[in-house]
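Residue numbers begin at 1 in each chain, while the letters A, B, ... track the order of the sequences. Just the heavy atoms: all of them, side chains too, but no hydrogens, waters or symmetry mates, feed the values below.
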4 protein chains.
Amino acid sequence: MIIVLRKDATDAEIEHVVEKIKNAGLAVHVSKGKERTIIGAIGDEEKLASLPFEALPGVEKAMPILKPYKLVSREFRKENTTFNVGGVVIGDNAVRVIAGPCSVEGEELLIETAKSVKAAGATVLRGGAFKPRTSPYDFQGLGLEGLKYLAAAKRATGLPLISELMDPRDVEMMCEHVDIIQIGARNMQNFRLLKEVGMTKKPVLLKRGLSATIKELLMSAEYIAAQGNSTIIFCERGIRTFETATRNTLDISAVPVLKEETHLPVFVDPSHAVGRWDLVAPVAKAAVAVGADGLMIEVHQDPENALCDGAQSLKPGKFAVLMEELKKVAVAVGRTI
Amino acid sequence: MIIVLRKDATDAEIEHVVEKIKNAGLAVHVSKGKERTIIGAIGDEEKLASLPFEALPGVEKAMPILKPYKLVSREFRKENTTFNVGGVVIGDNAVRVIAGPCSVEGEELLIETAKSVKAAGATVLRGGAFKPRTSPYDFQGLGLEGLKYLAAAKRATGLPLISELMDPRDVEMMCEHVDIIQIGARNMQNFRLLKEVGMTKKPVLLKRGLSATIKELLMSAEYIAAQGNSTIIFCERGIRTFETATRNTLDISAVPVLKEETHLPVFVDPSHAVGRWDLVAPVAKAAVAVGADGLMIEVHQDPENALCDGAQSLKPGKFAVLMEELKKVAVAVGRTI
Amino acid sequence: MIIVLRKDATDAEIEHVVEKIKNAGLAVHVSKGKERTIIGAIGDEEKLASLPFEALPGVEKAMPILKPYKLVSREFRKENTTFNVGGVVIGDNAVRVIAGPCSVEGEELLIETAKSVKAAGATVLRGGAFKPRTSPYDFQGLGLEGLKYLAAAKRATGLPLISELMDPRDVEMMCEHVDIIQIGARNMQNFRLLKEVGMTKKPVLLKRGLSATIKELLMSAEYIAAQGNSTIIFCERGIRTFETATRNTLDISAVPVLKEETHLPVFVDPSHAVGRWDLVAPVAKAAVAVGADGLMIEVHQDPENALCDGAQSLKPGKFAVLMEELKKVAVAVGRTI
Amino acid sequence: MIIVLRKDATDAEIEHVVEKIKNAGLAVHVSKGKERTIIGAIGDEEKLASLPFEALPGVEKAMPILKPYKLVSREFRKENTTFNVGGVVIGDNAVRVIAGPCSVEGEELLIETAKSVKAAGATVLRGGAFKPRTSPYDFQGLGLEGLKYLAAAKRATGLPLISELMDPRDVEMMCEHVDIIQIGARNMQNFRLLKEVGMTKKPVLLKRGLSATIKELLMSAEYIAAQGNSTIIFCERGIRTFETATRNTLDISAVPVLKEETHLPVFVDPSHAVGRWDLVAPVAKAAVAVGADGLMIEVHQDPENALCDGAQSLKPGKFAVLMEELKKVAVAVGRTI
């Protein structure tokens, strides 16, 4: 931690800061310059985390030196982490595609969709059983029944499953039925939920919150890892900005930034990012080109009658065409799909 | 709902949209202009909510006419809603001030703070027992023990209590101990939590999410009200923007916008908005001047040693001075504190 | 400047950074900690401004210590700066109100408006002769003719004038006709324009850009001051965020932040911030309560037929009522209007 | 235009709105529903542009139907517009790469850079002679001397030139020396500058403002086109958001949105978007994959000693490697470089 004093800081104020640092058990280095006195705290910065240095008299600003995330950081582990989900390796050179409907609506429809996305090259099936909806009057998901339909689709196709968890009380039920637990954007800082999935052994796909910084996203993953579960997939799905032409603004450069900061795999969800099916294809290609380890794409047999997010869902035919295009882009950047 | 067709929309495409609306049970009015064909859907717009009109061929945009919130809207109830919390009326002409520490740290310290904020004119005591923290390594609150200290402070001062709920499994415990349940900014779209507090009879203070629109804030309150609990207080606490000089950006005009859109009381939390104790006073005065029904202010006996948010906490002496200033501003805008 | 090295930085990389700093003429202090090596550059930080430290091998981040603005900073001058504009003192204890139409539309109408805002207590008349409009097809202002009408209104009422400058070629003409030159939000970083007004002796009202940080706003003022003109008024007028309920989001806490950072007066434009006349009054009161030195409010005799910004303009009657309310708030915070 | 009345709108208020529309010369259609009365204005919407419908009594909202941009819209011209710049066709199937230093610093250095970027496959040379800098104390560019060095580099390599215009007084000088005039992000709504370049016959590269919506970007191009110059290139260069890990946030989906809305070519500037040289390559690949018609990339022989933006500049060697990678991505999406 570096603490910059105000130009007019008194000796007593400087001494007060120094004492605070020493009391926390760190060594201190004071540098009195012409313009500013600067105090360096040397040692375990963690011990200073809750001290409100910027509120102390005479202090202009306090600047942490170290990154607050540890277990998920690239510094902690140099090599890419990979893990196996129902036979599918996540995080290696192959770009993995998760596909399926926004919400599970019926068993037959789901199995049909599962078969078609598998045929096109998807390796994980998505489908929401519990749906976070802005309005209490909108379809909220089929719940346990939806999970059973997902299980049926897995039996029919062999595809491992991902579905969203919204409530700590549902963790056990979810673990029984799915292969990857999704934490949605609105729950990225639902810390109780993060701790619960941290105590399981299930891989977790953690979506970035609508206004979460990359640092906060990493800290939320740290919550999961701190409980002992390091099988985490990051998912960039668009952030909220002033632009309204798309549902969200995909932060495409978050992918290489995350790849540098963490050893864990990084996916992109182009469907939620843009919110319009006709923009999914170009943005998905960009995500592969930028270096994403995987994609999550909404596919629905009949988007016009989808109970949720029909506007951003691809029909199976268009999805199959997109998969062919994505394969070419993957090869162009030295990867496979 | 108004649906605008593309200039080149075919008759078949227009007819397809018309059929969709009719099938949903609404009447249709088609207006063919020189530049665009426009289709009006007449009837219960709710029935069209999940239909992805903008994804239909030939459609340029779909514009809803009605507001999606009902029970919390000013249209539903013209007069201001007021309710009594432990003897304190919320929502009438008196501006109410909630004060206390960010987190409960000890019984004696809390009682001392409670006495001093009461003496200064605060009418509700705040204190976090469960703390949502960005880092898993930061202080997470005292939990049930903290709730017991709060209860002790209530016995000592008579002040009703507010504390934050983070987990649906804690609802019962929370209801036993506090008078107002706080839903924090990070949980504003934790829909399961909203439903749970909606099923209680406790007043709820609902904080605006970091990147939530006013409309989304109203929809989250609608979740609570739809379960039968309409004793809801809105709390503007700053939104996330590009500006980093303050912790968040207080959206001061959200107060009059909310007062127009809803019949429920609107509070402001200047402490979280600015994140620096020296800016709390001017911003608190602005909040009273703009028409807030109440304030929530962090006060700590010894901010330098606070376990949480020390930088934005006022000492009791400064809080007492601020309360005197706030009273003058309240009178200037025709209210009391 | 503090430079933090990556954990794995080599001695050669550290030495390379040290050399860069020495070559720029500054002294160096190297601190090798367990986790990180930190390099402090001691001396005139300005000389390092263009060096891309963060791009050097082995460097994690570079953190400037000093603020980049000088002449406009509170450090440069402790006391508030005041200056006289046509008999009106700006920056003292009295809150000044600039009022008038968005754009000048006709001589008679303008004189009528000038008389009414003067009667209500406004001390400066505003009116746009050159209008920056998003669409090339919208009314672009009357130009020189508009300036002449402004001059007539000044003769009729004695009110000093403010009007917006858009083009460096108009500086002379503008200086002949008005008392304060306004630089609009869209031109806050039109550096050529800033230099031109810096070379005049006219007071300048500098509006914050839609997405300008407070620091950038201060730097733009520094452009003006660096040319020799330090009669600058800052104007917060709302920033662009994700919220669409109001035209912009007024950053109310920018006022106390600016008051701390600079010795120059700080105004607020509630009309552009909210974009709706019915929200102007509460937000104007908040601006006075938070400590603004002045306000700029749009007033039009007949908003329904205004050629520009009718939706956010107050009628003279409503403006007069607001002025009475503002006086009470000013008194409540120890000021006058 | 569709005007939605408040639920409690009176007949007189409805009639008042109807009169306004009729007076503007449009036909009116009134639809009285159970929940709301809706008024449709049929005819030339342009005539209603300055009418503040939302400020009229009884009006809830006014929704325009037509897009405000015409000449630049895809509706105005279905096919992609292409134009020739010094022998290079912009806007066809070939992705064009503009490369060169942020600012022109010396003749020899520039010619050397020009030769290396040409050898790598760039087809236009960039270089700033007039530099918009946040600080008045930073290097402001070499001015006319810089333009002469650019001309020398063109003679040496045959590469057409692009450079930024900041001041309407420099238009003529700029037209003499360069092949494409760049309007920078900070001047995107400098409407006088837009009109000036609109009156020339030079191709214009128009950068998106830091907080400009796509719609505003299109409107700024409309300013240029309305003066008679339709040789316009759009350039997405990152927008300002809350994320600070990168200099700006590249809005990658703006490219397909623009390609749909306009017939003009769309470029991407990855260098300014990310602000770090190590992220330029992945983001440039994403830009090609998403469908950009060209790229603008900063290349400097010696970034550590660049006078401007050294941190985001590639060395010629890295640029040459990137060009090879970009060619593969271009082929993967059916294009060439």
Item to complete: Answer with side chain, backbone, both or neither: which region of D:Pro132 has an atom nearer than 4.5 Å to a non-hydrogen atom of chain C?
Response: both
Worksheet item: Under a 4.5 Å cut-off applied to non-hydrogen side-chain atoms, are C:Gln189 and D:Asn190 in contact?
Response: no
Practice prompt. State the CZ-CZ distance between D:Arg186 and C:Phe191, to the nearest 0.5 angstrom.
Written response: 5.5 Å
Worksheet, complete the sentence: Most heavy-atom pairs under 4.5 Å with chain C, out of D:Met188, D:Arg133, D:Lys70, belong to D:Arg133
Fill in: Toward chain C, the part of D:Glu54 with a non-hydrogen atom under 4.5 Å
neither
Worksheet item: Where do D:Tyr137 and C:Glu46 come nearest, in terms of heavy atoms and distance?
Response: CB-OE2, 3.5 Å
Practice prompt. Might you confirm whether atom NZ of D:Lys318 has over 12 heavy atoms from other residues, nucleotides or ligands at distances under 6.0 Å?
Written response: no
Practice prompt. Please check if the side chain of C:Arg192 supplies one atom and the backbone of D:Asp167 the other of a donor-acceptor pair under 3.5 Å.
Written response: no
Worksheet entry | Region of D:Pro303 in contact with chain C, defined by heavy-atom distances below 4.5 Å | backbone
Worksheet item: Where does D:Gln312 contact chain C at under 4.5 Å (heavy atoms): side chain, backbone, both or neither?
Response: neither
Response to the item:
Rounding to 0.5 Å, atoms CZ (C:Phe242) and OG1 (D:Thr241) come to a distance of 12.5 Å
Worksheet entry | Among C:Tyr69, C:Trp277, C:Phe139, C:Phe53, residue most engaged with chain D (heavy-atom pairs, under 4.5 Å) | C:Trp277
Discussion item. If I measure from the heavy atoms of chain C, does D:Lys215 come under 4.5 Å with its side chain, its backbone, both, or neither?
Written reply: neither
Worksheet, complete the sentence: Nearest heavy-atom contact between C:Ala55 and D:Ala311 is CB-CA, 3.6 Å
Worksheet item: Taking everything shown except D:Lys315 itself, do over 12 heavy atoms lie less than 6.0 Å from its NZ?
Response: no
Fill in: Options D:Gly310, D:Cys308, D:Pro168, ranked by heavy-atom pairs under 4.5 Å with chain C, top entry
D:Pro168
Worksheet, complete the sentence: When rounded to the nearest 0.5 Å, the distance separating NZ of C:Lys195 from CE of D:Met166 is 7.0 Å
Discussion item. Is D:Gln227 in contact with chain C via its backbone, its side chain, both, or neither, using a 4.5 Å heavy-atom distance?
Written reply: neither
Item to complete: Find out whether C:Pro57 and D:Glu304 are in side-chain contact, i.e. whether some heavy atom of one side chain is under 4.5 Å from a heavy atom of the other.
Response: yes
Worksheet item: For D:Asn23, is it the side chain, the backbone, both or neither that has a heavy atom under 4.5 Å from a heavy atom of chain C?
Response: neither
Fill in: Region of D:Phe130 in contact with chain C, defined by heavy-atom distances below 4.5 Å
side chain
Fill in: Residue selection (most heavy-atom pairs with chain C, distance under 4.5 Å) from D:Ala49, D:Ser135, D:Pro68
D:Ser135
Worksheet, complete the sentence: Honestly, the part of D:Ala225 sitting under 4.5 Å from a heavy atom of chain C is neither
Fill in: Salt bridge D:Arg240-C:Glu216, side-chain N to carboxylate O under 4.0 Å
yes
Worksheet entry | chain D interface, residue from C:Leu210, C:Leu307, C:Thr134 that has the most non-hydrogen pairs under 4.5 Å | C:Thr134
